Amino acid sequence: MYVAVLCELAAKAVDQSFIYHVPNELTDRIKVGIRVKIPFGKRQIEGFVLDITDNILLDKEKVKNIISIIDDEPVLNEEMLILGKYMADNLLCSRVAAYQVMLPKALKAQANTNIKIKYNRYLRRNTSTQEIDNYISKCKYDAQIKILCSLKENDIPIKKMNSSINTILRHNLALIVYEEETRYKYSGKYDYKKVKLTMEQENVSLAIINSLGKANTFLLYGVTGSGKTEIYMDIIEKVLQEDKSAIVLVPEIGLTPQIVGKFISRFGDIISVLHSKLSDSERYDEYRKITLGKSKIAIGTRSAIFSPFSSLGIIIIDEEHTASYKQENNPKYNAKDIAIWRSKYHNCPVLLGSATPSLETMARAANGVYTLLTLTKRAGNSVLPKVEIVDMKREFKKENFILSEILKLKIKDRLAKGEQIILLLNRRGYSSIISCKNCGYVAKCPECDITYTYHKVSNNLKCHYCGTSVPMLYKCPVCGSNDLKDYGLGTEKLEEELKKLYNARIIRMDVDTTTKKGSYQQIIDDFGEYKYDILIGTQMIAKGLDFPRVTLVGVVSLDNSLLIPDFRASENTFQLLSQVAGRAGRSSREGEVVIQTFNPEHYSIKLAERHNYLGFYKEEMRIRKMLKYPPYYYMVLIGISSSDSSLALREADKIVKYLRNNLEHETILLGPAAANIFKVNRTFHYQVIIKYRNDQKLMSCLKFIDKIYQKNNKVNIEIDFNPVRV
Ligand code: ADP
Ligand code: ZN
Ligand code: ZN
């Protein structure tokens, strides 16, 4: 017997399977999808068995034996094996990279994982109560009697063996059993009560329940607080009744605590939680619960989409517009695409939920590719909060550099009333963006409508889509002011300012304060219990949290989001503002939102102020159409990098030339241009953007390029289909 074994050999993963012989004593344990240990050169490595055969073309003398078998049961089931092939074909990644990304670390094909199943040892009775009582009546040892009495009721955990236990075992009254322990313990708080769905919720839920068993994608567009989570749980209840399973994806750790709490209190122990803050051992346990059939619901971040349920009833993707569903390193898959693939495999629906669907998704719903379901009302009695926009240009002139007059007053007011406040700062500022603090002017490429990026070395402004550059600006071309720099406000500085102004209990939530495990949860719990008055955070806090006492949300500096050089900057800003606004006034107390910006007239701010998603959708679609961006055009990004900057640029030029000569005429090529983050660890990054609608030659051209550069050690290329950050 021979096997084809797929293994990961180098960082530039290239698919290679190798033929090995299976010694006779191992043949009956060989299965497709298990891992085996094989000799490779002088090393021993692990690989996946892809194929079993008795006939090979190779010289049988030269084929080596496998060393050992690692798994009793396949780690890759049939569906995963096919899915990996699909990913390799469509993302131009290697099959082995696709398989590795599906598995928790403990099950990847790589030597030296030390992650083991943790067992607990119990003493369990092995005979009738009567026989135990008989024994007790004759027994002279208190220790034994004590054990036997409680053994009648329950299993007893054993830490250490002792003579009493040994005697009990010898008399066959009990035996030792081992049970797997699940190391992850949900530590959050919850007091969830099942609610009665409103008419609107009921209708949405029914529409999906009626289509269980069919591969169909739904978009649930429902304003924040419209009770989408309740609908998810209602549908899952039906799915469980049919003895099928459910996957629920949530954006990132940021969202999980509260939603996980709700799910656990409603569905109990049949849940696997899979997110990035779990340890490898915890993740392994949660994953095993699925393969052993103990879990029926997986709730987690992006990679939970690969949860190996044998019979899926529904896949739910909450906050579907979130960028984190796309993996940014290889394989650059989007969990939404994987969901749709799996829904066809299992014949089950996909439900995409959002208050601010991505333009791509909404456009598909508008075209009827997805089925659109809408929730127009908030579920409780709460109303959407009032949004106020503050022009920071004016505040700057009054020397209010951090907090505007009005925000200061409102904070004071809430503190006096014993209400809570959330203040949001966007992720660290782009110091490389030029905008006028006097009139709001922003330096942008007129062709691409993308903010120029300042390059220090060449001292000019570059468009990192099309590659054009203009000289550095020192004076605003509109008003003549020379106040063009970014003032880069961080969470720490904001905290300092607040401490100066108020006597309040303040907590910060950002990458610095949440790196420790569980600290995120701690902050949420503490804030929820009103141990703090003000929560400061990056966009981490914008989503998903539900604090009834919060009545004021302030967006301290919005412009970092608005000016990011990405064609989705407006969309992301609108989404961010809508999410933030959704945080305030979730209970009967009315909420308010204050947004500080240098661009108060911008349409994404104006429309977010009025909670007008459809208005935003329409306006943004018009612009996308005009500028030929998704969803009107598809996009592929080719990243070209090297430690030699001019070599990278030369190769990028070659690639553009090749593509220009071989792709359809209608296809648009932009670049090469310096990538947004140009220099990282002494490596220089360039990019080429392809915009296309229907290009039959594209895939073969990209495959050709990919192949060439796989062999190139000096230049690395990466191909990203439908990138989320450009
Ligand atoms: P979304 O996910 O759409 O933002 P949630 O599912 O978090 O909304 O619900 C918002 C709030 O409304 C939650 O506190 C939830 O418990 C409550 N809620 C949802 N549905 C109902 C209902 N039918 N009746 C009463 N309260 C509800
Ligand atoms: Zn100006
Ligand atoms: Zn440009």
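As the structure lists them, so they are numbered: ligands from 1, and atoms in each ligand from 1. Residue numbers start at 1 and run along the sequence shown. This structure is a prediction, so every number in the text was calculated from the model and none was measured. Computation of the quantities below employed the complete heavy-atom set of this structure, encompassing side-chain atoms and omitting hydrogens, waters and symmetry-equivalent molecules.
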Contact region, Q201 to ligand 1, non-hydrogen atoms below 4.0 Å, reads side chain
Side chain to side chain contact (heavy atoms under 4.5 Å, CB included) between Y452 and K462, intermediate numbers included: CA-CA 5 Å; Y452 280 130; K462 285 186 183 165; 5.5 Å; no
Show, in sequence, the C-alpha distance, side-chain angles and deciding distance for E320 and T361, and conclude whether the side chain to side chain donor-acceptor pair (under 3.5 Å) test is met. CA-CA 9 Å; E320 71 82 31; T361 299; 2.8 Å; yes
Under the side chain to side chain donor-acceptor pair (under 3.5 Å) rule, collect the residues that match up with E200, sequence neighbours excluded. T376
Side chain or backbone of K262 under 4.0 Å from ligand 1, or both, or neither, by non-hydrogen atoms? side chain
Atoms in ligand 1 flagged as close to K196, the criterion being non-hydrogen separation under 4.0 Å: 22 (C), 23 (N), 24 (N)
Answer yes or no for G222: is there a heavy-atom contact with ligand 1 below 4.0 Å? no
Before accepting this row, confirm whether a basic side-chain N of the pair E237/R266 lies closer than 4.0 Å to the acidic partner's carboxylate O. yes
Should you measure from each heavy atom of G227, which atoms of ligand 1 turn up under 4.0 Å away? 1 (P), 3 (O), 5 (P), 6 (O), 8 (O), 9 (O), 19 (C)
Counting each atom of ligand 1 from 1 as listed, which ones have a heavy atom of L197 under 4.0 Å away? 23 (N)
T224-ligand 1 polar pair, N/O distance under 3.5 Å: no
Rounded to the nearest 10°, what angle sits at the Zn ion (ligand 3) between SG of C463 and SG of C445? 110°
Please name the pair of heavy atoms, one in H685 and one in S641, separated by the smallest distance, quoted to 0.1 Å. ND1-CB, 3.5 Å
Return yes when atom NZ of K444 has more than 12 non-hydrogen atoms of other residues, nucleotides or ligands closer than 6.0 Å, and no otherwise. yes
Test side chain to side chain donor-acceptor pair (under 3.5 Å) applied to R624 and E619, E360, E571, the passing residue: E571
What are the protein N/O/S atoms, named by residue and atom, that sit under 2.8 Å from the Zn ion (ligand 2)? C436 SG, C439 SG, C476 SG, C479 SG
For ligand 1, find out whether one of its N or O atoms is nearer than 3.5 Å to an N or O atom of V195. no
By number and element, which atoms of ligand 1 are closer than 4.0 Å to a non-hydrogen atom of T229? 2 (O), 5 (P), 6 (O), 7 (O)
Nearest non-hydrogen contact to atom 3 (O) of ligand 1 from the set K193, K228, K194 belongs to K228
About how many Å separate CD1 of I524 and CD of E529, when rounded to the nearest 0.5 Å? 12.0 Å
Is the closest basic N to carboxylate O distance between D526 and K531 below 4.0 Å? yes
